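Reviewing the structure listed below.
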Amino acid sequence: YAEGMFLETAHTSDKAPAIVNAQLGTIFMPACRARFAQERLSARAIGAIHTGVADILGTFDERYDPKGLDKYAGTKPELVTLSLFARLGSFDWLAYPASPREETNSLIEFNHDSYVIRGDIKVPVQVKRKSGHKYDPTVAVVRFYEIMQRVNEERRRRTVQLWGNKRRPTKPLEPLGYNDFADLIVREAKGQWLSEHEAWLLELGSMAAVTEVMKKEQIIQNQRGIERMGGLAIAA
């Protein structure tokens, strides 16, 4: 009943974040129920989550920003990041949308847009399109601008390799923007053809997000170890 009331309330809003949160709540409900029941989702079920998030991405501009004003600049990178994890098809690397309370923590350094459950460790994930606020060392910050920089560097490098000693194009290669990258995710989720190079760019993005979470997971583990040692010292 509570879930239904939340979704109904969110769907009546005309603001993109509220509507998107409602859609994400529906999409991720099977994963949340599986976690509650201590069960695991199949790769197929996770694929359905990836497709659901990609469907939101694919219609986002038309529905929420038809004039191209970039009104909800932070929302699309958050959706892209959820997809970068979901496309891996692993329940151990599924990123869940954060609750409104988690996104607006009074302690700004702990704010996060999503989180990944690694065993008994919850790794919060904050998505940044631009550089800005510093976050707690336990928060995985997926810096989208850095991912796009790496993607474009790799794209240029592979293009040079492809041309080899042949005559190269006279115009410089146009860099991919985050909308272009989102389009690749949508195409992949829909089963549309991607070149080997385009598929590799998505892998690069997923691995960048996973690497950041792994770093923070280790920090949290280390902190827990220090706390346990402190508890043992006090008990002694």
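Just so it is clear, the model here is predicted, and its values are computed rather than measured. Below, all heavy atoms of this structure are taken into account, side chains as well, without hydrogens, waters or symmetry copies. Positions are given from 1 along the sequence.
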- [ ] Give, for atom CD1 of Ile147 and atom CZ of Phe181, the distance between the pair rounded to the nearest 0.5 Å.
- [x] 6.5 Å
- [ ] Evaluate the side-chain proximity of Pro97 to Asn21: yes if any heavy-atom separation is below 4.5 Å, no if none is.
- [x] no
TODO: For the pair Arg40 (side chain) and Ala34 (backbone), establish whether a donor and an acceptor sit closer than 3.5 Å, ignoring hydrogens and angles.
DONE: no
TODO: State, yes or no, whether a side-chain contact exists between Ile56 and Leu24 at a heavy-atom distance under 4.5 Å.
DONE: yes
Open item on the list: Keeping Asp113 on the side-chain end and Glu78 on the backbone end, is there a donor-acceptor pair under 3.5 Å?
Closed with: no
TODO: Could you state whether Ile121 and Leu94 fall into the same hydrophobic cluster, counting links through intermediate Ile, Leu, Val, Met, Phe, Trp or Tyr residues with side-chain heavy atoms under 4.5 angstrom apart?
DONE: yes
Task: Test side-chain contact (heavy atoms from CB on, under 4.5 Å) applied to Glu212 and Val125, step by step - done: CA-CA 9 Å; Glu212 178 65 13; Val125 178; over 6 Å; no
Task: Side chain proximity check, Leu79 to Gln23, heavy atoms < 4.5 angstrom - done: no
- [ ] Taking ring-ring contact (aromatic ring centres under 6.0 Å, His included) as the test, write out the residues that go with Phe28, two or more places apart.
- [x] none
Open item on the list: Using a 3.5 Å distance criterion without hydrogens, assess whether the side chain of Glu62 forms a donor-acceptor pair with backbone atoms of Thr59.
Closed with: no
Task: Asp136 side chain vs Glu109 backbone, donor-acceptor pair below 3.5 Å - done: no
Task: Cluster link Met207 to Leu204, ILVMFWY, side chain under 4.5 Å - done: yes
Open item on the list: Do Glu153 and Gln149 have side chains that approach each other closer than 4.5 Å (heavy atoms only, starting at C-beta)?
Closed with: yes
Task: salt bridge (charged side-chain N to carboxylate O under 4.0 Å, His left out) involving Glu146 - partner list, sequence neighbours excluded - done: none
Open item on the list: Tell me whether the rings of Tyr178 and Phe144 are parallel (<30°), tilted (30 to 60°) or perpendicular (>60°).
Closed with: perpendicular
Task: Connected-component partners of Val141 among ILVMFWY, side-chain separation under 4.5 Å - done: Tyr135, Val139
Open item on the list: Starting from Ile117, can I reach Ile219 by hopping between I/L/V/M/F/W/Y residues whose side chains sit under 4.5 Å apart?
Closed with: no
TODO: Provide the closest heavy-atom pair for Ala208 versus Arg150 in the form atom of the first, atom of the second, distance.
DONE: CB-NH1, 3.7 Å
- [ ] Would you list the pairs meeting side chain to side chain donor-acceptor pair (under 3.5 Å) in which at least one residue belongs to residues 79-90, sequence neighbours left out?
- [x] Arg87-Glu188, Arg87-Glu203, Arg87-Ser206
Task: Side-chain heavy atoms of Glu39 within contact of Phe91, under 4.5 Å - done: no
Task: Residue list, side-chain contact (heavy atoms from CB on, under 4.5 Å) with Ala45, at least two apart or on another chain - done: Leu41, Ser42
TODO: For residues Asp55 and Ile27, determine if any side-chain heavy atom of one lies less than 4.5 Å from a side-chain heavy atom of the other.
DONE: no
Task: pair Phe60-Asn179: side-chain heavy atoms closer than 4.5 Å - done: no
Open item on the list: I'd like to know if the side chain of Lys216 reaches the main chain of Pro137, judged simply by a donor and an acceptor atom lying under 3.5 Å from each other, with no hydrogens or angles considered.
Closed with: yes
- [ ] Would you give the length of the straight line joining atom CG of Leu57 to atom CZ of Arg187, rounded to the nearest 0.5 angstrom?
- [x] 14.0 Å
Open item on the list: Do Ile185 and His50 make a side-chain contact, defined as non-hydrogen atoms from C-beta onward lying under 4.5 Å apart?
Closed with: yes
Open item on the list: For a quick test of reading the model, state the closest non-hydrogen atom pair linking Ala54 to Val186 and the distance between them.
Closed with: O-CG2, 3.6 Å
- [ ] State, to 0.1 Å, how close Gln223 and Thr138 come at their nearest heavy-atom pair, and which atoms those are.
- [x] OE1-CG2, 3.4 Å
TODO: Using the test ring-ring contact (aromatic ring centres under 6.0 Å, His included), find all partners of Tyr96 that sit at least two apart in sequence or belong to another chain.
DONE: Tyr115
Open item on the list: Could you measure the distance from the CG atom of Leu88 to the CG atom of Leu202? Nearest 0.5 Å is fine.
Closed with: 10.5 Å
Task: Residue pair Ala31 / Ile49: nearest heavy atoms and the distance that separates them - done: CB-CD1, 4.0 Å
Open item on the list: For Lys122 versus Pro124, what's the shortest heavy-atom pair and its separation?
Closed with: O-CD, 3.3 Å
- [ ] Locate the shortest heavy-atom distance separating Met148 from Gly177; write the atom from each residue and the value.
- [x] CE-O, 3.6 Å
